[in-house]
Engineer: 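Next up is a structure, given as structure tokens.
Letters A, B, ... are given to chains in the order of the sequence lines, protein chains preceding strands, and every chain is numbered from 1.
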Amino acid sequence: MDYTFNAIEAKWRQIWQERNTYKVTEDLTKPKFYVLDMFPYPSGAGLHVGHPLGYIASDIFARYKRLKGFNVLHPMGYDSFGLPAEQYAIQTGQHPAITTKENIARYRQQLDLMGFSFDWDREVRTSDPSYYKWTQWIFKQLFNAYYDLTLDKAAPISSLIETFEKEGNSQVQAVHECEQHFDAPTWAAFAPAEKEAVLQQYRMAYLAESWVNWCPALGTVLANDEIVNGVSERGGHPVEQKRMMQWSMRIKAYAERLLQGLDQIDWTDALKEQQRNWIGKSKGSSVHFEVKDSALQIEVFTTRPDTIFGVSFMVLAPEHPYVDQICTADQKVAIEAYKQQAALKTERDRQADVKNITGAFTGAYALHPFTGQEIPIWIGDYVLASYGTGAVMAVPCGDQRDYDFAKHFNLPIPSIFADQDISEAAYTEKDAVIANSDFLNGLETKAAMESAIAAIEQKGIGQGKTNYRLRDAVFSRQRYWGEPFPVYYQDGLPQLVDDALLPVTLPDVDAYLPTEDGEPPLARAAKEAWSCQLGERMEYNTMPGWAGSSWYFLRYMDPHNKETFADPEKLAYWNQVDLYIGGSEHATGHLLYARFWTKVLYDLGFLQFDEPFAKLINQGMILGKSAIAYMGPDQKMYSLDMLPAEKEGFREVRILIDLLNDDESIQLDALKAWQPQYAQQEFVCNADGKVLVKREVDKMSKRWYNVVTPDDLCEKYGADTLRMYEMFLGPLEQSKPWDTKGITGVHGFLKKYWRLFHQNGHFEVTDAQPDPAALKTLHKTIKKLTDDLERFSFNTGVSSFMICVNELTEQKCNNRHILEQLTILMAPYAPHICEEIWAQLQPLSPSIFTAEYPIFEPSYLTESTFDYPVSFNGKMRYKATLELSLTSDEVKDLILAKPETQKWLEGKTPKKVIVVHGKIVNIVL
RNA sequence: GCGGAUGUGGUGAAAUUGGUAGACACGCCAGACUUAGGAUCUGGUGCCGAGAGGUGUGCGGGUUCGAGUCCCUCCAUCCGCACCA
């Protein structure tokens, strides 16, 4: 009987669906386990073999946990708002909802082919109104919250308003940007617009004018992580800085907790380090410098307060608000010229141009807070307006950029480090002894910092301070295909739409582009196209892509709830995601925002956990191997081995990898039929009459013609083979090029497994007592497999199955007990074939996933003897089989008496003999 | 520049606590069976060497009876951040 994988897989896919095998409900009698994949954006290209890699791993783990008796939540859905569908809509006029629906159908079909154990009843789509109703609701909670520093958590804005009414804002400890101080009567006297303007500076979700990355070609604002090398990630359009009224999220308030929280979760160091980097905590001190002949004080932030006596000038960012006020009349022209020059440069140019030192003198001087010395104030574009206070105290002897600036403009470089040479470069290490610094003299960095901060605080000119690089996240986009805000404007003030009117559904528009006067696409919607129409107008912006993905893992717990985003009891039952698998490209985007929202929801009492993902694994990317052919100047296509040494005039063309034979030669007729430009193609063949191509590793993508789809492989080898092969390729975390060649090995293995049950043309197992050799093989495999799964080593798991089947074949084992246990072990990896075998073994059982996971019994592995490797000076020479009951001394004597030992001793007396019981013998000569 | 990861046969890789380097596969070589095979089976396969043997985990050093694994210097590749005060 042959292994007819196509028929078997189709059969079980249907049965699982009919029986709803993978449906899961809350079950308090079982421990829960939540296995989550990063849900995909359903693109028009469909899935390639790289996408399912993580899904296969998580599916294996989910099935394993289920067999182990856990109640496993393993859902899937779609991150279905996004730019590609909108771009397609702009080009074709087709509503993005239609495109999205079609793409989802295709994804579903492909995912089903792979035999995943998702509970599809829990599917979520971020673009579905029943889902984004709750995204809007969460936005409202953020709007109605502020960060209370005394409680160190988010709290309702209503309690802040109460405080304002009682005592104004002078005693309020909160994260805010409000410069204004007011008492209760003043607050009461504020007009509604004034009150709202104040509140906006406290709200977690707030409207403010901010510098944004504006992409004119796309007509929208982009987040930092949507920009790659200064151009938009999608489309590669230029991006410029622009000041605009935007919704933002006060994520900065959570900087410290987002940092601390990393210690509680099991993620890779690489990923944690990326988040730490992004949050960018630095400790130091603020210092105020008085400006000579002026009431102004310039505040700087420094991480090296110990070097304060080394300050010889100050540098402000060209955009710093004080520049115009302090600039002297005779420097006005130079400063204006420099400011204009700096403004012309895009942020990208400013970054690229590290070598060029530019700046201008304002003519003004600051006074050193300790020495009273006059310090020239310069402006320079190496100081960023958006970080710290937009001003630095320059310590040229201790900072290389300050040093370069000083050298370039001939500013003094006083030394404050004992015995350090600063004639060539700044001394940036933190291990020098401070000198020429009054009360800091003779101190080392750490002590000097402490006493400098103490002195600064005592003088009242600053204080010890922690700074974060993390910026508040811009939350509005001028796009169509995203969540509408639950916001309208009344007297120009933003107001929330009442819960009863949610969701505010996406209105139809006549075109998916900004309006003539630059308003977002939603401004095109007719009044009656809106599901509700309040105030003067609705908010025309939509939410960014990360809105829906910041909480989808919560909705899976209770996807159909109409009363709340998820029932508190269900949230409590499923709790954190126990295992999250996805790509590392989301390190500073999605994974940070999801943690942020989780913490806010926790603070507001909606969740019982404040970290969403307890353990996270990044799967590596599967790369494609492009086929590169060479076109000569004569327009002929040359075989790789027929290229002349001089390749002048030759160009590389990528051709579809499906047109290749196994020996990397082109199927010439197929190429001619592929694209019209090759219909009449002539070739320069090699001696074998072939045209060979070069293979190069690229990202797997349609545009490189190197895509391999899971569909073809499922058809040819079956989903079980593909699942196992993807795992067999190597460690999950590692990126690797896709190579289909090895798949026959895995396919052959499944056939060999099948043959264990079908030796005489029909299914046959014996019920006899299993023999010790088979039991040993089985239990060795149980132990190895379980260990491998617990450390997510899926590739070595597959090897263990191969070893097991090889050994059982060798032993001619067709014992029911042994093969049944093996089948359960293998079911997470190859569910279809194992379910089919199981149905033969246990006809009354509804599914192999109701079986019990095999229990490892160590006694089957106990041995009475051991093959001791005997090594001389650490080099293994021969093996000696000895009883394990022997003591180390007895082993030593027996080994020394062996003729092989005498041979290798070459007449010498061993200096030392090391016996590690049950491991090794080493003889030192 | 800073941070992180990786480096082992012709190829993908394994070696979990310092204890037989190269498991398991692919490929290749030889053979069996077959009208035929992209089927199946058997044997071999790190490199050098006829062999005995030597040698071998990016380079160089160290610790150890013993190092792919621990420590130090350097090199290469990939990823992230980057004028962050």
Engineer: With heavy atoms under 4.0 Å as the rule, sort A:N806 into base, sugar-phosphate or nothing.
Structural biologist: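 Sugar-phosphate, no base atom in range.
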Engineer: Mind checking ring pair (Phe, Tyr, Trp, His ring centres under 6.0 Å) for A:F728 and listing every partner two or more places apart, or none if nothing turns up?
Structural biologist: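 Once residues adjacent in sequence are excluded, A:F728 has no partner under the ring pair (Phe, Tyr, Trp, His ring centres under 6.0 Å) criterion.
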Engineer: With a 3.5 angstrom cut-off on both distances, give the Watson-Crick or G-U wobble partner of B:U42, or none if there isn't one.
Structural biologist: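 Its partner is B:A30 (Watson-Crick or G-U wobble, both distances under 3.5 Å).
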Engineer: Return yes if some donor-acceptor pair links the side-chain N/O of A:D867 with the main-chain N/O of A:K879 below 3.5 Å, else return no.
Structural biologist: no
Engineer: Can you see if the side chain of A:Q734 gets near the phosphate of B:C78 - specifically, an N or O under 4.0 Å from OP1 or OP2?
Structural biologist: no
Engineer: Applying a 4.0 Å non-hydrogen cut-off, can you work out what A:P737 is touching in the nucleic acid: base, sugar-phosphate, or nothing?
Structural biologist: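 No contact at all - A:P737 keeps every heavy atom at 4.0 Å or more from the nucleic acid.
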Engineer: Hey, mind stepping through A:T865 and A:L882 against side-chain contact (heavy atoms from CB on, under 4.5 Å) and telling me if it holds?
Structural biologist: CA-CA 5 Å; A:T865 63; A:L882 295 174; over 6 Å; no
Engineer: Where do N or O atoms of nucleotides 31-38 of chain B meet protein N or O atoms at under 3.5 Å, pair by pair?
Structural biologist:
unit_1	atom_1	unit_2	atom_2	d
B:G38	N2	A:K716	NZ	2.9

Engineer: Taking the C1' atom of each, how far is B:A30 from B:C79, in whole Å?
Structural biologist: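 These two C1' atoms come out 45 Å apart once rounded.
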Engineer: In whole angstrom, what separates A:E726's CD from B:G12's C1'?
Structural biologist: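 One finds 14 Å between C1' of B:G12 and CD of A:E726, rounded.
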Engineer: Which whole number of Å gives the distance between the C1' atom of B:U57 and that of B:U6?
Structural biologist: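 Between the two C1' atoms, the distance is 14 Å.
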Engineer: Is there a Watson-Crick or G-U wobble partner for B:G51 with both distances under 3.5 Å, and which nucleotide is it?
Structural biologist: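 When the pairing criteria are applied, nothing turns out to pair with B:G51, so the answer is none.
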Engineer: In whole Å, what is the span from the CZ atom of A:F866 to the P atom of B:G19?
Structural biologist: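 Roughly 12 Å, once rounded to whole Å.
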